[in-house]
Number of protein chains: 2
Amino acid sequence: MVVHKKQIQTGTLGKALALLDLIATSREPLRFIDLLHLSGQPRGTLHRQLSHLLEEGLICLNDETGTYELGIRLLNWAALTWSRSSLRQVAEPFLKSIHDRTNETVHLAVLRGERVVYLDKVESRQAVRMHSQIGNTSPVYCTGVGKAMLSVLEDKTLEELAKRIEFKRYTEHTLANASALLLEVNDIRVQGYAEDREEHEVGIRCVAAPIISAKGQLQGGISVTAPVFRLQVGQLEQWQLWVKETAQAISAQLATRMGPYA
Amino acid sequence: MVVHKKQIQTGTLGKALALLDLIATSREPLRFIDLLHLSGQPRGTLHRQLSHLLEEGLICLNDETGTYELGIRLLNWAALTWSRSSLRQVAEPFLKSIHDRTNETVHLAVLRGERVVYLDKVESRQAVRMHSQIGNTSPVYCTGVGKAMLSVLEDKTLEELAKRIEFKRYTEHTLANASALLLEVNDIRVQGYAEDREEHEVGIRCVAAPIISAKGQLQGGISVTAPVFRLQVGQLEQWQLWVKETAQAISAQLATRMGPYA
DNA sequence: TGTTTTAGTTCCAAATAATGGAATTGATTT
DNA sequence: AAATCAATTCCATTATTTGGAACTAAAACA
């Protein structure tokens with residue numbers, strides 16, 4: 001959320017979490033020997049690091065296969081993170097309200113590095129299943145909320161972030177490079193809302209707006225998403241207004257009632 | 001899940017996570033000064049530890065209130081933990097099946113220390129909202145799944161665990177001490193299933209059974225929960241069978257197709 | 001069955017990071 | 001402007017981590 005003034009060396013903790021991330025992001029189940037190659041750490045070091053992660057419940061060892069999985073303690077922390085998130089708490093009724101009016105999927109998301117993390121979702125029939133979205137991430141440059149959030153960042157921050165992005169084409173409309181993104185963000189700044197015109201998935205469009213704090217700091221964003229075939233003429237124009245209004249209402253509310261646990 | 005052979009000193013990582021847990025489990029938002037008192041660490045040490053957690057995205061600092069909140073990175077890890085859990089993947093269709101037959105809430109849970117952590121849930125109308133259960137915990141001694149899981153542990157492990165529990169009366173039926181619990185677990189071992197007779201919440205009953213690995217190691221448990229007013233005569237007796245059968249079917253399936261990501 | 005290979009664990013002197021008290025800076029109140 | 005309180009920085013001391021090598025366990029091979 002906040003951009004770092006200076007890079008801090010996180011020492012032992014950083015190394016342990018890098019290892020955890022390796023396990024978390026691998027698409028294959030990993031054994032000791034795999035981690036040995038992937039991490040590039042010496043045997044002794046890796047062994048102790050894994051012992052510590054294991055002991056702390058951040059990972060667990062599958063007895064049958066000898067592979068490491070993510071631990072249940074992470075789930076527990078996440079449940080607390082979610083339920084206490086002040087942004088989420090404040091936004092909840094607003095998300096419901098906009099969903100009632102649009103009857104389409106509404107997302108609440110925050111920015112984390114070059115990716116968007118979904119914090120909440122209100123969906124048509126089905127309510128949220130965890131696997132659907134919460135805690136999952138998407139690239140910032142081809143999602144409505146992503147681009148909306150970028151529009152709040154300062155130029156310098158934005159440019160640095162854009163430079164770090166690895167652009168990948170998901171559809172023919174996906175923005176293909178940093179300059180195209182910066183150009184589009186400029187438009188978004190003027191309009192106050194962002195659109196996703198089938199940039200991430202063919203047949204899916206959305207409108208989104210950023211949420212800011214009293215001090216103007218980026219807090220997150222909301223979006224309404226719909227399949228193209230269900231869109232009426234002028235519908236997105238209507239939703240634009242609602243999304244902008246709602247994001248501003250959430251921002252205003254955040255300024256009043258801050259802090260979690262309230 | 002697995003009981004430790006020996007206690008390992010987790011050093012720096014352990015200290016950092018203890019601090020994270022302090023923030024996670026506090027019912028009040030905490031500022032630096034609060035953490036200074038709570039943690040008992042010297043100023044310099046605490047400051048560096050917080051900087052590291054902050055830098056790693058495990059916590060974030062609320063600019064307006066100066067209080068620390070849990071970070072989004074935890075949510076992201078949890079989403080991966082959940083979606084890849086081999087137990088959850090294997091259990092999913094079985095949970096649906098038993099829900100179709102009972103039309104009541106079905107839970108999948110695992111044991112973590114003296115508490116039960118919910119891994120999945122299939123509910124009547126509403127599908128899962130994260131806040132409903134996933135990642136949340138309950139005491140082991142007054143839940144159906146909790147007692148069912150205890151029944152798989154070895155005597156020594158069980159007794160040590162029971163000794164560590166702080167018993168709290170939730171209803172007049174709550175088991176009040178370790179010996180009552182051990183006695184009940186003995187019955188469960190014979191029957192192969194556990195009951196919760198309004199022990200956690202008045203008006204709520206459930207039946208549960210444990211899931212084990214090929215080697216007989218405890219993997220988790222499932223339960224069917226219903227409000228007393230909706231229960232027909234002989235209904236729990238029917239569900240007992242289903243829950244036992246289903247838990248065994250999951251155990252069998254686990255033995256075949258192990259490992260996450262499959 | 002014994003041998004080889006591979007995977008995982010333990011050890012310990014050297015290198016690195018964490019510690020914590022004190023001094024400093026910054027913000028808020030009187 | 002002074003006083004109070006909160007947060008941050010500094011650095012010599014202390015504790016932990018590091019990593020190569022030796023060791024053990026288990027599986028694959030002969």
Side-chain angles (χ1 to χ4, degrees), chain A residues 2-23 26 28-56 58-69 213-215 217 258-259, chain B residues 2-23 26 28-56 58-69 213-215 217 258-259:
Chain A
V2 160
V3 183
H4 319 118
K5 274 108 208 193
K6 53 181 160 183
Q7 189 71 14
I8 291 170
Q9 168 58 37
T10 58
T12 309
L13 178 65
K15 290 170 202 165
L17 298 183
L19 183 55
L20 183 61
D21 244 350
L22 212 57
I23 295 168
S26 163
E28 309 242 305
L30 302 171
R31 282 164 305 134
F32 181 88
I33 197 83
D34 304 318
L35 286 165
L36 192 58
H37 298 138
L38 279 170
S39 69
Q41 300 273 29
R43 301 176 95 73
T45 302
L46 179 64
H47 186 261
R48 182 181 33 74
Q49 288 176 335
L50 286 172
S51 302
H52 287 180
L53 288 175
L54 221 37
E55 179 68 21
E56 287 295 338
L58 267 48
I59 58 175
C60 58
L61 181 57
N62 188 319
D63 276 350
E64 329 270 327
T65 59
T67 58
Y68 293 92
E69 303 182 20
S213 71
K215 293 175 186 162
Q217 291 258 306
M258 273 311 284
Chain B
V2 159
V3 183
H4 319 117
K5 275 107 211 203
K6 53 182 157 182
Q7 188 72 14
I8 291 170
Q9 169 58 35
T10 58
T12 309
L13 179 65
K15 291 171 202 164
L17 298 183
L19 182 55
L20 182 61
D21 244 351
L22 211 57
I23 295 168
S26 163
E28 309 241 305
L30 302 171
R31 283 163 306 134
F32 182 89
I33 197 85
D34 304 318
L35 286 164
L36 193 58
H37 297 139
L38 278 171
S39 69
Q41 300 273 30
R43 297 181 96 71
T45 302
L46 179 65
H47 185 260
R48 183 182 29 76
Q49 288 177 335
L50 286 171
S51 303
H52 287 179
L53 288 174
L54 221 37
E55 178 68 20
E56 288 296 338
L58 267 48
I59 58 175
C60 58
L61 182 57
N62 188 319
D63 277 350
E64 328 271 327
T65 59
T67 58
Y68 292 93
E69 303 182 19
S213 71
K215 292 175 185 162
Q217 291 259 305
M258 274 310 283

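So that the names make sense, note that chain A is the first sequence line, chain B the second, and so on, each numbered from 1.
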Engineer: Only one of A:I59, A:L58, A:L30 passes side chain to side chain contact (heavy atoms under 4.5 Å, CB included) with A:Y68; say which it is.
Structural biologist: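 The option that passes is A:I59.
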
Engineer: Nearest to the side chain of B:P42, heavy atoms from C-beta on, is which of C:dG20, C:dT19, D:dT9?
Structural biologist: C:dG20

Engineer: Could you state the CZ-P distance from A:R48 to D:dT16, rounded to the nearest angstrom?
Structural biologist: 12 Å

Engineer: Rounded to the nearest angstrom, tell me the gap between atom CD1 in A:I33 and atom P in C:dG8.
Structural biologist: 6 Å

Engineer: Return the value, rounded to whole Å, for the distance between atom CG of B:L54 and atom C1' of D:dA7.
Structural biologist: 13 Å

Engineer: Looking at side-chain heavy atoms only, is the closest gap between B:R43 and B:L46 below 4.5 Å?
Structural biologist: no

Engineer: Just the rounded figure in Å: distance from P of D:dG19 to CG of A:L36.
Structural biologist: 12 Å

Engineer: Rounded off to whole Å, could you give me the CG-to-C1' distance for the A:L50 and D:dT17 pair?
Structural biologist: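 So the two atoms are 15 Å apart, to the nearest Å.
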
Engineer: Between B:G44 and B:G11, which has a closest nucleotide on DNA chain D that is more 5'?
Structural biologist: B:G44

Engineer: Side chain of A:F32, heavy atoms from C-beta onward: which of D:dA7, C:dT9, D:dT17 has the nearest atom to it?
Structural biologist: C:dT9

Engineer: Using whole Å, report how far CD of A:E55 lies from P of D:dT17.
Structural biologist: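 Value for this atom pair: 13 Å.
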
Engineer: Side-chain N or O of B:Q41 less than 4.0 angstrom from OP1 or OP2 on C:dA18?
Structural biologist: no

Engineer: So does A:K15 get a side-chain nitrogen or oxygen closer than 4.0 Å to the phosphate oxygens (OP1/OP2) of D:dT18?
Structural biologist: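 Yes, A:K15 has a side-chain N/O under 4.0 Å of OP1/OP2 on D:dT18.
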
Engineer: Of A:D34 and A:T12, whose nearest nucleotide on DNA chain C comes first from the 5' end?
Structural biologist: A:D34

Engineer: Tell me, do A:L53 and B:L13 make a side-chain contact under 4.5 Å, heavy atoms counted?
Structural biologist: yes

Engineer: Whole Å only: how far is the CG atom of A:L46 from the P atom of D:dT18?
Structural biologist: 10 Å

Engineer: Kindly say if B:H47 contacts the phosphate of D:dT8, meaning a side-chain N or O under 4.0 Å from OP1 or OP2.
Structural biologist: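 Yes, within the criterion.
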
Engineer: Would you mind reading off the distance between B:L61 atom CG and D:dT8 atom C1', rounded to a whole angstrom?
Structural biologist: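 It works out to 13 Å between those atoms.
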
Engineer: Kindly give the heavy-atom pair with the smallest separation between B:L36 and B:Q41, and that separation in Å.
Structural biologist: CD1-O, 3.3 Å

Engineer: Do the side-chain N and O atoms of A:T10 and B:E55 include a donor-acceptor pair separated by under 3.5 angstrom?
Structural biologist: no

Engineer: Look at B:T45 and C:dA18 and indicate whether a side-chain polar atom (N or O) is within less than 4.0 Å of OP1 or OP2.
Structural biologist: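 For B:T45, the contact criterion (side-chain N or O under 4.0 Å from OP1 or OP2 of C:dA18) is not met.
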
Engineer: Regarding C:dG8, can its base be found pairing with the side chain of A:R43 as donor and acceptor, where the two atoms are less than 3.5 Å apart?
Structural biologist: yes

